[in-house]
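So the structure is just underneath, and the comments pick up after that.
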Amino acid sequence: MRRKLPRTGSRLMSIEPHSEGFVAIDRASYGYGAWPAIVDHVDWTIPRGAIHCLVGRSGCGKTTLLKLAAGLLLPDEGIVRIDGAALREPGPQIGFVFQAPTLLDWASVLDNVLLPISLKRRPRAVDREAALDLLKLVSLDGYAQRYPSELSGGQQSRVAVARALVTQPAVLLLDEPFAALDALTREELQDDLLRLCALHETTVLFVTHDITEAVYLADRVAVMAAGRLHHQIAVDLPRPRQREMRYGQAFNALCRELRQAMDLAP
Amino acid sequence: MTATMIARLSSALLLLVLLAGWELYCRLAGVPALIVPAPSAVLATLWSEIASGRLLPHLQITATEMALGLALGCAVGLAAGIVLAEVGFLRRLLHPYIVASQVVPKLALGPLFIIWFGFGMTSTVVITALICFFPLMENTMTGLGQVDPARRELFRMLGATRLQTLLRLKLPSALPVIMAGVRVAVVLALVGAVVGEFIGGRAGLGASIIAAQSVMDSGLMFALFIVITLMGMLFYQGATWLERLLLRHHLKG
Ligand SMILES: Nc1ncnc2c1ncn2[C@@H]1O[C@H](COP(=O)(O)OP(=O)(O)O)[C@@H](O)[C@H]1O
Ligand SMILES: [Mg+2]
């Protein structure tokens, strides 16, 4: 018996709710059992293999929306579909990278990366090799037998990304994974992430509050404020993305547009 | 020479100074040996007890009681803590009883245990186990309740079963708190074993203290205090060593 806000006017941008999307969020609302809703009738679709970013001030409901997309929370209203099937609980098709690296201190880097597999079955030699390859791809060659306490913050984030990708999930959700890192490390990790996601055409939803990060990574960026999506821009910069693009005119124009959209949002 | 070495040397020196002061006081003030024996007399008694082979069997008995009671109490306390942390219904049901049982002076149950288990090792082991049980149960419950929510969500995300979450996330996360409980239990186990023997022991260091008291041999009592203290320090050192081994990869703080 939840009271609803009267809807005033139509949303600024709305995508056709039933368009073909690999990840489809369909009029989803969620409120932690209280009013008002923290995520308020959000519609969003992500095509297979696309990288979408979500920007917004802290507290606007980004993490909550991401948890709805992960199946960690179930929407009060609306539905989330992955590849056409309604999402009722977290599944192996979805990888999640949390805000903090959330590594297990007592397990080696290799065992941390293998965790998603070792919870299902005993890891085989091929799994170990795949994990070592992933570590190589995030420039952690030779760190497999170290422990998290011996790694820098950036290295821990790399392990967290490798762990999320070791089962080759079709969808990867990331919640401000690089927010705590310095600018240089963050840029390196963005490049690593793009490279890894291109390998298996992973569909990505990336939450951040950093505008340049969003523009650099995304095919499409949405602005969230007070639980709603207010604006979206398509990023048509060529792929693969390169560092020089950050200083180009097109890149900066997109950043400015996004910034203005954020300022306009309530 | 490192700072820790200097500190250790100073501690040893302090002990020597204190012992010398005690010895001097006893000799100069003429304190009767029955009230406070001089350190030299205590050491002589200790040595004769060791040399005659009278001490060792008692030491073995008390150490065995302490080790058995500690192991039993820790194992049962750990299991009870896990069950209470995992089963919310049981925890709410038993909460008032747990609080009440913590307040009960466990040593006061000693005479009852003698009726149940007779004089000798069993009743002392049971008292020791009972005393060790509580810090372990308490700390296990606390530790299991404090697991980082983000890591729990990670395990949910990965489809971990409840048992996997317990064994591979919650228990390792709670290990620092559990090991702090073990250290408390070690200290309590020594009290349990010695006082348990006061009440119902036939042999052991605690029983020997009572025997020495009955013949007014304070020198022997002091000698036994020294042995008990050294034994306690050994057990405590063992627990610290185990803790360091188990927590060697845990992040500090
Ligand atoms: N577990 C929770 N229970 C109740 N309210 C919550 C919970 N988590 C978040 N919120 C509320 O939801 C709002 C949005 O939180 P969140 O989705 O984490 O925002 P963001 O990730 O954009 O910073 C916040 O105002 C917060 O108070
Ligand atoms: Mg957040």
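Just so it is clear: chains get the letters A, B, ... in the order the sequence lines come, proteins before strands, and each one is counted from 1.
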Side-chain donor-acceptor pair under 3.5 Å between R168(B) and S118(A), yes or no?
yes

Residues 122-130 of chain A: residues contacting chain B (heavy atom under 4.5 Å, by number):
none

Is the side chain of R163(A) donor-acceptor paired with the backbone N or O of P101(A) at a distance under 3.5 Å, no angle test?
yes

Quick one: what part of A70(A) sits under 4.5 Å from any heavy atom of chain B, side chain, backbone, both or neither?
both

L169(B) versus chain A, heavy atoms under 4.5 Å apart: side chain, backbone, both or neither?
both

Side chains of E213(A) and T208(A) only: does a donor on one sit below 3.5 Å from an acceptor on the other?
yes

I94(A) CD1 to L205(A) CG distance, which is reported to the nearest 0.5 Å
11.0 Å

Do R81(A) and D26(A) sit within salt-bridge range, that is, some charged N less than 4.0 Å from a carboxylate O?
yes

Are E86(B) and R91(B) close enough for a salt bridge, meaning some N to O gap below 4.0 Å?
no

Residue from L103(A), L115(A), L119(A) scoring the most non-hydrogen pairs under 4.5 Å with chain B is L119(A)

Can you tell me how far apart CD1 (I178(B)) and CE (M141(B)) are? Round to the nearest 0.5 Å.
12.5 Å

Contacting moiety of Q164(B), where chain A heavy atoms sit under 4.5 Å:
side chain

Looking only at side chains, do T62(B) and E197(B) share a donor and an acceptor under 3.5 Å apart?
yes

Please look at T167(A) and chain B and tell me whether the side chain, the backbone, both or neither of the residue comes under 4.5 angstrom of a heavy atom of that chain.
neither

Tell me, side chain or backbone of P116(A) under 4.5 Å from chain B's heavy atoms, or both, or neither?
both

Do K62(A) side-chain atoms and G56(A) backbone N/O form a donor-acceptor pair below 3.5 Å?
yes

Could you look at T161(B) and say if it's the side chain, the backbone, both or neither that has a heavy atom under 4.5 Å from chain A?
neither

